[in-house]
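Here's the structure, in structure tokens; my notes come after.
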Amino acid sequence: MFPRKVYKGCLTCAQRVSELLLHTVNGGVQVPFTNEKLNEAEIRALAVTVARYLNQTNQWLATSHSINSILKEIGDFENWMKTTD
């Protein structure tokens with residue numbers, strides 16, 4: 001068999017190689033995973049912003065439709081006044 005000192009040295013080297021391999025594999029996965037989390041956070045923030053702008057746009061559309069209806073009614077009233085003269 002191998003002397004105990006050689007066996008411990010081999011075991012230490014094997015552990016170190018295992019750690020380096022694990023670090024290399026995880027390092028390659030960690031960067032895309034981190035980027036994905038950042039992208040998801042940005043998407044959520046953009047979704048909130050888009051929802052807020054959608055609400056504002058709907059309010060503006062409702063207001064503009066109201067104004068158009070009022071202007072139409074004013075025009076209808078003016079035409080009625082002209083025809084009654």
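For residues 21-35, the set of pairs meeting the salt bridge (charged side-chain N to carboxylate O under 4.0 Å, His left out) definition, not counting sequence neighbours, is empty. Residues in residues 7-22 take part in these salt bridge (charged side-chain N to carboxylate O under 4.0 Å, His left out) pairs, two or more places apart or across chains: Arg16-Glu19. Annotation: salt bridge (charged side-chain N to carboxylate O under 4.0 Å, His left out) contacts involving residues 59-69, sequence neighbours excluded, are absent.
The CG atom of Leu46 sits 11.0 Å away from the CZ atom of Arg44 when rounded to the nearest 0.5 Å. Note that CD of Glu42 is 11.0 Å distant from CG of Asn35, once rounded to the nearest 0.5 Å. Rounding to the nearest 0.5 angstrom, the gap separating the OG1 atom in Thr34 from the CG atom in Asn39 is 11.0 Å.
Val48 shares a hydrophobic cluster with no other residue; no ILVMFWY side chain has heavy atoms under 4.5 Å from its own.
Under the side chain to side chain contact (heavy atoms under 4.5 Å, CB included) criterion, Ser18 pairs with no residue, sequence neighbours left out. Taking the side chain to side chain contact (heavy atoms under 4.5 Å, CB included) definition, one finds that Lys37 meets it with Phe33, Glu40, sequence neighbours left out.
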Output a table of donor-acceptor pairs, distance under 3.5 Å, between side-chain atoms of residues 61-77 and any protein atom two or more places apart or on a different chain; print 'none' if there are none.
| from | atom 1 | to | atom 2 | distance (Å) |
| --- | --- | --- | --- | --- |
| Thr63 | OG1 | Gln59 | O | 2.9 |
| Ser64 | OG | Trp60 | O | 3.3 |
| Ser64 | OG | Leu61 | O | 2.9 |
| Ser66 | OG | Ala62 | O | 3.0 |
| Asn68 | ND2 | Ser64 | O | 3.4 |
| Ser69 | OG | His65 | O | 3.0 |

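Between Arg52 and Thr49 there is a side-chain heavy-atom pair separated by less than 4.5 Å.
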